[in-house]
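Below, each value reflects all heavy atoms present in this structure, side chains not excepted, and no hydrogens, waters or symmetry copies. Read the numbers this way: they start at 1 and go in the same order the structure lists the ligands and their atoms.
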Amino acid sequence: MKRKVALITGVTGQDGAYLSEFLLKKGYEVHGIKRRSSLFNTDRIDHLYQDPHEPNRNFFLHYGDMTDSMNLTKIIQDTQPDEIYNLAAMSHVKVSFDIPEYTANADGIGTLRILEAVRLLNLQNKTKIYQASTSELYGLVQETPQSERTPFYPRSPYAVAKMYAYWITVNYREAYNMFACNGILFNHESPLRGETFVTRKITRAVAKIALGLQKQLFMGNLDAKRDWGHAKDYVEAMYLILQQENPSDYVIATGKTTTVRDFITMAFKEIGFILKFEGDGVEEVGVLDSIDLKTTEKLFDRVRYSVKVGDVLVKVNPMYFRPTEVDLLIGDPTKAQQQLNWKPKYDLKALVSEMVISDLALFKKDIDLIDAGHSISLQEEL
Ligand code: NDP
Ligand code: GDR
């Protein structure tokens, strides 16, 4: 039997990496679109790389960009995919306020380019399309928990661009009978999460503070609440959405919500640091209240941290606030549970633990480099 062909845009991102691995294990031939960059940008998928000279390859990379219709059309024509997973996007909400036009082009019109290419190539009866929609569409809270029926109220150029992408996907499904679906995914994280999203920023800082590479973590809005899941669970939902009899849109979420403050507390607890928060708003700080030495000693062969009980480890800085914020996200995944039989395997504690341990391992390597006299990049922002 001929193996199924999947095309993944955004293959070099967090979800692209987990989805590629997942589909390759299922026996798919996987094609991914990567952007040209002056440095290698394939870290997350390097373990899947296959030598282009190998005859029996099942993983292929193509240069491309969501802003280039001709290039996207040609890749779709060449690969004739059974399934397209449109994951590529300028995905940082705060950055979208700095580059709104580019965000609209890549995230909004980019989706149209994919749909239109499939239509013009007459592939609408063959190619199924998954669109990476987002809980950011809900924006300003209308109701909780948020379901497929909750009205949208986007609060950033990113969310507005994704709103266009959402509706153009629905429109192509209805107008041209295409198998085109939106996965409305709530925040999902992992050790592969981009370094400037809040969870990874926190787990990196925790690891660096533990290893004496950083003293303080500067944060934005600690009151924001998110429904955080694990990316590994969420890419499985993407696949399931395209295996259904009929195309439809699904909320993918855990159904639980947590503040940024509580995520920070959980992450520090993983290294045995117990925090307490004091003050309000921009004055709020997280102070090291006690150290659980049993946990600390288990994690480090050499104790490196240079902070002590009473030190301020977390400080709010308004530079990380957004012009308009999304205060509360909590998803209702009932439809996905019932129709896709989807249920997350990870809980938040397991996710936080995996991320902290992974970042500790990452920065332990840097310690070895520093000890050997090398300098390393310690840039942190956003
Ligand atoms: P990432 O930011 O990790 O990955 C985004 C990917 O898109 C990267 O491969 C990036 O390439 C690529 N990309 C960006 N701009 C372009 C462009 N103009 N042309 C081609 N490729 C481009 O995002 P995630 O993996 O976390 O998310 C995947 C998708 O799901 C995104 O669309 C995101 O908006 C959406 N989403 C994510 C959620 C989450 O919590 N993670 C929740 C809901 C939706 P490069 O590596 O070169 O930067
Ligand atoms: P989000 O993710 O905006 O939900 O979008 P992010 O992790 O950036 O922010 C989550 C919440 O944390 C607050 N926050 C901070 N955020 C960052 N990045 N840095 C900080 O220092 C900081 N301090 C507080 C934010 O204000 C926000 O409320 C992610 C992206 O993956 C999108 O692509 C995706 O669509 C949505 O999740 C669902």
Side-chain angles (χ1 to χ4, degrees), residues 8-19 32-37 39-45 62-68 71-72 85-96 99 102-103 105-107 109-111 113 130-139 154-156 158-159 161-162 165 182-190 192-202 205 217-231 234-235 238 252-253 258-261 263-264 314 316-329 331 380-382:
I8 303 176
T9 73
V11 73
T12 55
Q14 170 189 256
D15 292 4
Y18 282 117
L19 182 66
I33 298 183
K34 68 167 178 176
R35 294 194 282 184
R36 195 271 158 181
S37 146
L39 291 169
F40 285 129
N41 60 353
T42 52
D43 278 17
R44 292 185 177 106
I45 48 170
H62 308 260
Y63 282 109
D65 200 291
M66 294 307 291
T67 60
D68 183 340
N71 149 270
L72 293 172
Y85 295 87
N86 183 32
L87 310 185
M90 199 311 286
S91 72
H92 202 284
V93 172
K94 180 149 189 285
V95 174
S96 77
I99 46 171
Y102 173 76
T103 305
N105 192 3
D107 300 14
I109 307 296
T111 304
R113 293 186 180 105
Y130 172 87
Q131 169 56 22
S133 285
T134 163
S135 51
E136 282 297 295
L137 295 171
Y138 298 119
R155 292 269 281 172
S156 63
Y158 165 79
K162 284 282 188 178
N182 287 287
I184 308 172
L185 270 52
F186 282 61
N187 299 53
H188 46 280
E189 322 291 313
S190 74
L192 298 186
R193 184 58 146 149
E195 291 87 346
T196 59
F197 296 99
V198 78
T199 56
R200 189 74 198 290
K201 176 174 169 175
I202 294 165
L217 164 63
F218 292 95
M219 296 293 305
N221 178 11
L222 301 182
D223 290 318
K225 288 180 151 183
R226 289 291 181 276
D227 180 333
W228 278 299
H230 196 301
Y234 286 47
V235 300
M238 296 177 187
I252 305 297
T258 307
T259 60
V260 170
R261 185 183 300 102
F263 191 101
I264 298 174
V314 183
V316 170
N317 187 320
M319 76 180 272
Y320 299 110
F321 292 164
R322 293 161 184 197
T324 39
E325 174 64 293
V326 174
D327 295 322
L328 167 61
L329 292 175
E380 291 294 338
E381 53 179 329
L382 293 166

Would you compute the distance between atom CH2 of Trp228 and atom CG of Asn187 and round it to the nearest 0.5 angstrom? 7.0 Å
With only distance considered, is Gly220 within less than 3.5 Å of ligand 2 through an N or O on each side? yes
Could you list the atoms of ligand 2 found under 4.0 angstrom from a heavy atom of Ser135? 38 (C)
For Thr196, the ligand 2 atoms whose distance to one of its heavy atoms is below 4.0 Å: 18 (N)
Report yes if Tyr320 has an N/O atom closer than 3.5 Å to an N/O atom of ligand 2; otherwise report no. no
Presence of salt bridge, Asp223 and Arg261, under 4.0 angstrom: yes
Heavy-atom nearest option to atom 13 (C) of ligand 2, drawn from Val95, Asn221, Leu217: Asn221
Any N or O of Thr199 closer than 3.5 Å to N or O of ligand 2: no
Is there side-chain contact between Asp15 and Met238, with at least one heavy-atom pair below 4.5 Å? yes
When you measure from atom 25 (C) of ligand 2 to each heavy atom in Arg322, Lys162, Lys225, which option holds the nearest one? Arg322
Hey, is ligand 2 close enough to Thr134 that some N/O pair sits below 3.5 Å? yes
Out of curiosity, is Arg193 lining ligand 2, as in a heavy atom under 4.0 Å away? yes
Phe197 CZ to Gln14 CD distance, which is reported to the nearest 0.5 Å: 8.0 Å
Can you list the atoms of ligand 2 that are under 4.0 Å from a heavy atom of Ala224? 28 (O)
Using a 4.0 Å cutoff against the non-hydrogen atoms of Glu325, which atoms of ligand 2 qualify? 25 (C), 26 (O), 27 (C), 28 (O)
Ser91 neighbourhood, listing ligand 2 atoms whose heavy-atom distance to it stays under 4.0 Å: 30 (C), 32 (C), 33 (O)
Find all atoms of ligand 2 within a distance of less than 4.0 Å from any non-hydrogen atom belonging to Val93, and give their numbers and elements. 3 (O), 5 (O)
Under 3.5 Å between any N/O of Val198 and any N/O of ligand 2: does that happen in this structure? yes
As an exercise, identify every atom of ligand 2 less than 4.0 angstrom from a heavy atom of Glu136. 4 (O), 35 (O), 36 (C)
Nearest candidate to atom 27 (C) of ligand 2, where distance is taken over non-hydrogen atoms, out of Arg261, Arg226, Met319: Arg226
Among Val260, Leu329, Leu222, which one has a heavy atom closest to atom 12 (O) of ligand 2? Val260
Pair Lys94 + Glu136: basic N to acidic O under 4.0 Å: no
What distance separates Leu328 CG from Asp227 CG, expressed to the nearest 0.5 Å? 9.5 Å
Side-chain touch Val316/Phe321, heavy atoms, less than 4.5 angstrom: yes
Out of curiosity, is Phe321 lining ligand 2, as in a heavy atom under 4.0 Å away? no
Around Phe218, counting heavy atoms of other residues, nucleotides and ligands shown, do more than 12 lie under 6.0 Å from its CZ? yes
Quick check on contacts: which atoms of ligand 2 are under 4.0 angstrom from a heavy atom of Asn187? 1 (P), 2 (O), 4 (O), 29 (C), 37 (O), 38 (C)
Can you label the angle between the His230 ring and the Tyr18 ring as parallel, tilted or perpendicular, going by 30° and 60°? perpendicular
Mark yes or no for whether Asn71, through its side chain, and Asp65, through its backbone, hold a donor-acceptor pair below 3.5 Å. yes
Flag side-chain contact, heavy atom, 4.5 Å: Lys162 against Pro154: no
Near ligand 1, which residues have a heavy atom under 4.0 Å away from one of its atoms? Gly10, Thr12, Gly13, Gln14, Asp15, Arg35, Asn41, Asp65, Met66, Leu87, Ala88, Ala89, Ser91, Tyr102, Ala106, Ala132, Ser133, Thr134, Tyr158, Lys162, Leu185, Phe186, Asn187, His188, Arg193
Can you tell me if Ser156 uses its side chain to pair, donor with acceptor, with the backbone of Ala159 under 3.5 Å? yes
Value for CD1 (Ile33) from CG (Leu87), rounded to nearest 0.5 Å, stands at 10.5 Å
Between atom CE of Met90 and atom CD1 of Ile99, what is the distance when rounded to the nearest 0.5 Å? 4.5 Å
Atom CG of Asn86 and atom OG1 of Thr111: how far apart are they, to the nearest 0.5 Å? 4.5 Å
